[in-house]
Amino acid sequence: VTLARTAYRVVIVGGGVLGLYTAHHLHRAGVGPILVLDRGRLSAGGSGRNGGGIRQQWETRSTIRLARESVAAYRRFPSEFGHNVWFRQGGYLFLAESAPELERLARVREAARAEGLDVRLLGVPEIERLVEGIVPGACLGGSYLATDGTLYPYPVLWGLLEELRRVGVEVAYGVEATGVTRDDRGRLNGVLTSEGLRSTPAVVNAAGGWAGEFSRRCGLEAPNVATRHEIFATEPMKPFLDPMVVRVSDGLYFSQSMRGELVGGRTVAHRPGTDGGVPSSARFVTSMARALVGLLPRLAGLGVLRAWAGFYDDTPDGLPLIGEDPRLPGFVHANGFGGHGFMLAPSASRRVAGAVLGETTDLDPQEFAPGRFLTRGAAPRSERLQLG
Amino acid sequence: MAPDADRRFRFGRAERSARPGETVLGALARGRWPSLARSVRYHRPRGPFCGVGTCTGCLVRINGIPNQRACRTIVRDGDRVETENAWPSPRWDLFGALDLMFPHGLDSVHGLRRPAWAIPLYQRVTRRLAGFGRPPTPASAAPAPPPTVRTAEVAIVGAGRSGRELAAALRGHGVRPLVLDRRPADVVRGEGERAPEGDLLGSVTVAILPSPASREGDGPRTGHQLLGFDDRGGGILVRARAVVLATGSYDAGLLFEGSDRPGVVTADLAVSDLELPWGETVVFGGGERARQVVEHRAGDVVAVVAPGEIAPDLARAAAERGVPLYPRSRLVRSVGRGHVRAVELARRDGGGRFRLGCRSVVLAHRRLPNAQLVFQAGGARRWADGPGAYFPTIDPVGRSDVAGVFAVGSVARPREEPASTADQVAAAILGGPTPAPGPAPAPVPGRPRAGEMVPYYRELLREPRRGKWVLCPCEDVLVDELEHAVARGYAGLELGMRYTGVGTGLCQGRYCLPEAIAILAGLGGVPPPEVGVVTQRPPLVPMPLGALAALEDAVAEADGP
């Protein structure tokens, strides 16, 4: 791999959905030359390992706003980028097992309604109609938004990458960013890569599961924690389930893909950090299987086809870092999405591009500003609907 | 009907019978080629192909549970067997029209997106056509049998020749290994040396050997866990200090036009005891495996076709039976409506093309190791040019590079490399003094090399394509799609797999990825190892949710908090 230039207007670290989308927005704004680099290959990180869920039900209103814009962007995607992403709006159904969980979903509903989204609270009979064969007594109720859905992640990457290459944006896989350089005044002026130094006034950290690691290599204390998260897919079946189902209590989630496979995961505690790689664990597949069969007993005879894992890029308050780092002008964060980067990428990346251009953001600074962790004390807001 | 067939089961609306211990496929394939399902995308006819429980050629619905392998399931009285993914029947399937409507396949990456308002409609139709069987019926979910949890010093997966030899050697050292095999215990015991009671778990499919790196609990980390299931859907967990894989090898698939046609089978199926009406049989292969097929199907074989030279033993066996030989030939296409009627061949040395009428085609040209469990555990791979396949990295005394994981027999190394003795391996497992690992054995020169599949496919892909060339029969992926992926810059196996779906089907890529490696190497003009590999994701074969669920507590206990 050789890089075409010695100097760039902006270097984006991470060739996943966030990095590619950010490059797209920057190019559209007339910025150039742009370099996107990634130490792995296309779709090797979280963008190629997620379950493809796209939802707009959140506790925080800015997240809802971003998600809503993303849904619109993914609907446009096939005509805009010429790739069929199979964005199927089968809805998202959150299941509550207790009164406090129900109240929580009611608050989600209020927040979503304030953003113009018709989230409905469902009773047990409606849930039983949506989830054929759900065990009696599985929940007290739930919330449902029909325009949430699932998509097939890879074509999003292919569409973005082919469009960027068509317009001449340089995207280099197999090139690692190892740090940044600063000028006398402490302003960022270059990026160190496995192919040597490249000068640039702006670096975007969109490194997904490795974002915290990259920030720290650049000398920036970062709140990001990489957490292994596992998924499995069952054998394909004829369609019987339309919505993505998420259980609030334990983070169990599953949906039926276009191919007919049930794809889902569940929160299982893993030691933080990227050291162990991403092997699938017996602990996850057995606990996931038990949770799924517990909810849908009829599936006991169905086979699990394949299991895999990836890294969530978690933050303490469950909200991403979007914007310039106050400690290092020119260093822009696009990370900390906690396993929800794919669903927020089209709209979040627009704000990232805005931050590179020095535009003022329309996002609540308390919720997304990278500097919010620098002051002591708890973050003022948090997003705890970090499920699915 | 066989006189001793006293098990009764229903196949669709018909009453059928089976012998004790007979599989569903065994009973259905008595005197006929059963048609059990249509393929997933284009509803192409499918028939039995692999015979060893990995392909999608004989999937049926049994007692309300979809996608059961007819070749692995032993008939029980009162079973209800139904065909899948076809209407009204796999032989006459209305959706088979899709195959004709899209003669060059369907581009799901760029197609079906215009006009935008029609997308939900496309999605509904596509989704209806996808999947395979219907979801399980509620009644199919019988209470799961309690899991079997066993602890052993040494667990051996596979009771074939190598597994049995090693078990005997270990017993010689005073260790009673636990041997697991997919076949019923009485079948294994009847095959040769008696395994002492309690040391053999039969009818068990081992599906998962987790990488030690995946275990993060505080439990003892000195051993391994094997997860599997038995033929009643019960979960099996074996904890062992050492795991030995004696899982053997299997016959590879082969790409040609209509290679997915019923009647095209692997040698594994051809040497089984299925009473299929073989009819005139063309054997593809020039070595030992082809010779076995020629001897096993003596009266049926009408031709031996080989991609390269024909080995003297095979030539002799064929000559004794008056079977003509066609060395240095390509299998270009199969011909027929549904079942194969003939094959079209081309001489690779520039000679002519010819057609051979036949009722079955047996692929016996190369054998590949069943090494998936070693790779699941995180074991390294090495490319072996001879067979043209990845083998696990196994040292001369059977050790893989994952501590406590060993391999013996044909899974460990190609035939032409000298094998270690069972006694050496047993000593290494038990931690006794082990000989220093010698240099990697040099391949024996002069043998036909299956690595030569690269030039073979390069020539083959220049042939005009009239019908579909199905590279991945599980997902109906056409070779054209792989070429398309390369042309768009998605080179390499990993990206090719994601772009086309090749290797993501129920067989976990066993019949398409080895071919895809050779094809990609040819397209890119690079040696096969440069094409890359894909991660071996667990499980090895689909493992029932119920069996996995029943193992949660035992797994958590072994892992520690």
Side-chain angles (χ1 to χ4, degrees), chain A residues 41-44 48 75-76 78-79 82-84 86-89 132-133 154-155 158 161-162 165 234-240 256 258-261 269-271 276-277 279-294 297-309, chain B residues 40 64-67 108-114 116 119-120 123 126-128 130-138 140-141 144 208 210-211 213-217 225 227 233 378 488 490 492 494-495 498-499 504 506 508 535 537-539 541-546 548-549 551-552 555-556 559:
Chain A
R41 57 163 78 87
L42 179 70
S43 66
R75 283 181 61 105
R76 280 196 314 271
S79 54
H83 280 67
N84 194 343
W86 299 100
F87 180 36
R88 185 179 63 83
Q89 291 176 287
E132 202 186 318
Y154 305 141
W158 305 328
L161 179 63
E162 289 182 24
R165 294 214 158 126
T234 69
E235 296 171 296
M237 291 167 287
K238 295 292 176 195
F240 81 104
Q256 194 178 10
M258 284 297 302
R259 282 166 49 142
E261 301 163 344
H270 285 305
R271 206 168 287 153
S280 297
S281 68
R283 212 156 193 184
F284 165 74
V285 286
T286 53
S287 80
M288 173 70 192
R290 193 186 199 166
L292 194 53
V293 172
R298 66 189 290 203
L299 299 182
L302 188 72
V304 172
L305 183 58
R306 114 183 121 249
W308 68 97
Chain B
V40 72
I65 300 177
N67 308 349
S108 63
V109 179
H110 305 95
L112 297 178
R113 60 186 176 86
R114 271 194 289 246
I119 286 180
Q123 290 183 350
T126 308
R127 210 165 174 242
R128 208 39 63 83
F132 201 77
R134 285 170 288 123
T137 45
S140 71
I208 304 179
S211 152
S214 75
R215 295 176 65 184
E216 296 174 350
Q225 302 180 22
L227 282 75
R488 286 185 93 98
Y490 303 106
E494 183 92 37
L495 292 182
R498 292 186 178 184
Y499 200 81
T504 62
L506 265 66
Q508 285 271 31
T535 314
R537 307 206 189 281
V541 291
M543 173 155 171
L545 280 164
L548 279 168
L551 292 174
E552 189 197 6
V555 164
D559 255 10

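Atom-to-atom distance recorded for A/E162:CD and B/R488:CZ is 4.0 Å, nearest 0.5 angstrom. In this structure, OH on A/Y154 lies 10.0 Å from CG on B/L495, to the nearest 0.5 angstrom. Rounding to the nearest 0.5 angstrom, the gap separating the CD1 atom in B/I65 from the CG atom in A/L299 is 10.5 Å. Rounding to the nearest 0.5 angstrom, the gap separating the CZ atom in A/F240 from the CZ atom in B/R127 is 9.0 Å. Rounding to the nearest 0.5 angstrom, the gap separating the CZ atom in B/F132 from the CG atom in B/L506 is 8.0 Å.
By number of non-hydrogen pairs under 4.5 angstrom with chain A, the leading residue of B/R134, B/Q508, B/R498 is B/R498. The residue among B/G233, B/A130, B/P538 with the most heavy atom pairs within less than 4.5 Å of chain A is B/P538. Ranked by heavy-atom pairs under 4.5 Å with chain B, the list A/E132, A/R75, A/R298, A/M288 is led by A/R298. Put simply, of A/P155, A/A44, A/A282, A/G133, the one with the most heavy-atom pairs under 4.5 Å next to chain B is A/A282. The greatest number of non-hydrogen atom pairs below 4.5 Å with chain A, out of B/I119, B/N67, B/L551, is found for B/N67. Interface summary for chain B: among A/G301, A/P239, A/A291, A/S281, the most heavy-atom pairs under 4.5 angstrom belong to A/P239. Options A/S79, A/P236, A/G260 differ in how many heavy-atom pairs under 4.5 Å they form with chain B, and the most are formed by A/P236. Annotation: maximal heavy-atom pairing with chain A below 4.5 Å, among B/P138, B/G378, B/P135, occurs at B/P135. Each of B/P539, B/G492, B/G546, B/S214 has some count of heavy-atom pairs under 4.5 Å with chain A, and the biggest count is that of B/S214. Residue with the most contacts toward chain B among A/Q89, A/H83, A/E261, A/R165: A/H83 (heavy-atom pairs, distance under 4.5 Å).
A distance-only check finds a donor-acceptor pair linking the side chain of B/Q123 to the backbone of A/F87 [under 3.5 Å]. Listed for the A/R306 side chain is a donor-acceptor partner under 3.5 Å among the backbone atoms of B/T504. Panel note: side chain A/E235, backbone B/P544; no donor-acceptor pair is recorded below 3.5 Å. Under the 3.5 Å distance criterion, the side-chain polar atoms of A/N84 are matched with a main-chain donor or acceptor of B/G111.
With a 4.5 Å cut-off on side-chain heavy atoms, A/T234 and A/L305 do not count as touching. You'll find the side chain of A/P78 stays beyond 4.5 Å of the side chain of B/R114, heavy atoms only. Side-chain contact check for A/W308 versus B/T535: every heavy-atom pair is 4.5 Å or farther apart.
Proximity to chain A is absent for every atom of B/P120, based on heavy atoms less than 4.5 angstrom apart. Using a 4.5 Å cut-off between heavy atoms, B/I208 touches chain A through its side chain atoms alone. Residue A/S43 touches chain B through both its backbone and its side chain, counting heavy-atom pairs closer than 4.5 Å. Both the backbone and the side chain of A/V304 come within contact range of chain B, with heavy atoms under 4.5 Å apart. Both the backbone and the side chain of B/L112 come within contact range of chain A, each with at least one heavy atom under 4.5 Å from a heavy atom of that chain. Only the side chain of B/L227 comes within contact range of chain A, judged by heavy atoms closer than 4.5 Å. In this structure, chain A has a heavy atom under 4.5 Å from the backbone of B/V541, while its side chain stays farther away. Of the atoms belonging to A/R283, heavy atoms from both backbone and side chain fall under 4.5 Å from chain B. If you measure heavy-atom distances from A/A269 to chain B, the contacts under 4.5 Å come from the backbone alone. Contact annotation for A/Q256: both backbone and side-chain heavy atoms come within less than 4.5 Å of a heavy atom of chain B. Both the backbone and the side chain of B/S108 come within contact range of chain A, with heavy atoms under 4.5 Å apart. Looking at B/V555, only its side chain comes within 4.5 Å of chain A, counting heavy atoms on both sides. Of the atoms belonging to A/L292, it is side-chain heavy atoms, and not backbone ones, that fall under 4.5 Å from chain B. With a 4.5 Å cut-off on non-hydrogen atoms, A/A309 does not touch chain B at all.
Between B/Y490 and B/Y499, the two ring planes are parallel [angle under 30°; tilted spans 30° to 60°].
Remark: B/S211 pairs with A/P279, B/A213 by the side chain to side chain contact (heavy atoms under 4.5 Å, CB included) rule, at least two apart or across chains.
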